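Data first, discussion second: the structure below is written as structure tokens.
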Amino acid sequence: MNTAIADRAMNGGRLTGLEVELGGIIDSYNRVTEKLKVSHDVLIDEVRRLTEQLEEKDRELRRRERLAALGEMAAGVAHEVRNPLGGILLYATLLERELDSQSESRRLAERIVSAGRHLDAVVSDVLAFSNPHYPQGSPVALNEMMAEVVALLQPRRVERGCSVSLDVPESLVVAVVEPAQAQRALLNVLSNAIDAAGGNGHVWITLHNDGGDGFSRVEIADDGPGVSAEHVERIFNPFFTTKDSGTGLGLAIVHGIVEAHGGRVDVARRDGGGAVFTLWLPNGENRKPKTDN
Ligand code: ADP
């Protein structure tokens, strides 16, 4: 109520009908103003949340466009390299067979074959990254697939000297994926995590069921050095590597595979140090075909 009217009412003064009415109007006005302020604050929060979501989508879209352009270029180079490389490998293999097993020339031929095979593997990786076909998915239990991937990387884990723990829910975590491709993606992310964790480090793998968005989630975290802000934008680019013997194709392939399934992959800082890679794989409820952008 208006303070002058309220004072008079408090002091036992009589209020005219008009004053009572006016007081009521002022009260209503104050209540509406208060409600408007609350709505305004809620709206500000909502705008902030939507802006953040938009920025995230924008970042994803830019990443996709950049990777699509890089993929096209890489595929062009890979196709050009593949044929002459096939010839080099074929002739070097023939030469290797012709030469005396003890000769120095045989040693040289063997080196050419070995380097050629390495290059061939790189070319295959580039093509896998740049040409992820829309996969024919079938329902797969990620619980089993992840356990298999951990087993496959056991020798690497032992060599690096870190530990790996796998945390799966009681229920099956299902994803509708092309099994070979999904396994390749999980292998790439886990082998990077093992490399990053290194001696005495730790890798944590957690599977999560669909939280209502149509995706099952795989989180692979490590307590390695993490990914610097400077690298985070480039980490999924083909040929981006900080390793002496790396090709920089692993994560580019992961990105291509996950996107081709209509899923998503992202990297974040792990609380307590290290990196967390999260893969969202469709569980069949929300499957959308890959589009061109
Ligand atoms: P490569 O393993 O051949 O380098 P990737 O595309 O798999 O190629 O990885 C690219 C780069 O991303 C790595 O060289 C490394 O710098 C960074 N990276 C990947 N995974 C991790 C991780 N778990 N922690 C820190 N850095 C990582």
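Read the numbers this way: they start at 1 and go in the same order the structure lists the ligands and their atoms. Because the structure is a prediction, the values reported are computed rather than measured. Just the heavy atoms: all of them, side chains too, but no hydrogens, waters or symmetry mates, feed the values below.
Nearest non-hydrogen protein atom to atom 12 (O) of ligand 1 is Ile235 CG1, 3.3 Å. What sits closest to atom 11 (C) of ligand 1 on the protein, heavy atoms only, is Phe240 O, 3.8 Å. In terms of protein heavy-atom proximity, atom 26 (N) of ligand 1 is closest to Val227 CG2, 3.8 Å. For atom 25 (C) of ligand 1, the closest non-hydrogen atom on the protein side is Gly226 O, 3.5 Å. Nearest to atom 2 (O) of ligand 1 among the protein's heavy atoms is Lys243 NZ, 2.8 Å. Nearest non-hydrogen protein atom to atom 23 (N) of ligand 1 is Asp222 OD2, 2.9 Å.
Residue-ligand proximity: Gly224 is placed with every non-hydrogen atom at 4.0 Å or more from ligand 1. Using a non-hydrogen distance threshold of 4.0 Å, Asn188 does not register as a contact of ligand 1.
For the residue pair Arg157 and Gln154, a side-chain donor N or O sits within less than 3.5 Å of a side-chain acceptor on the partner. For the residue pair Thr247/Asp125, the side-chain donor-acceptor check at 3.5 Å is not satisfied.
Closest to atom 20 (N) of ligand 1 by heavy atom, among Thr242, Val276, Asn192, Asp125, is Asn192.
The shortest N or O to N or O distance between Leu251 and ligand 1 is below 3.5 Å. Between Gly246 and ligand 1, a contact under 3.5 Å exists for no N or O pair.
Numbered from 1 in the order shown, with element, the atoms of ligand 1 that lie under 4.0 Å from a heavy atom of Leu249 read 6 (O), 8 (O).
Ring pair Phe236/Phe277 is perpendicular by interplanar angle, where above 60° counts as perpendicular and below 30° as parallel.
With salt bridges taken as basic N to acidic carboxylate O contacts below 4.0 Å, none links Glu159 and Arg156.
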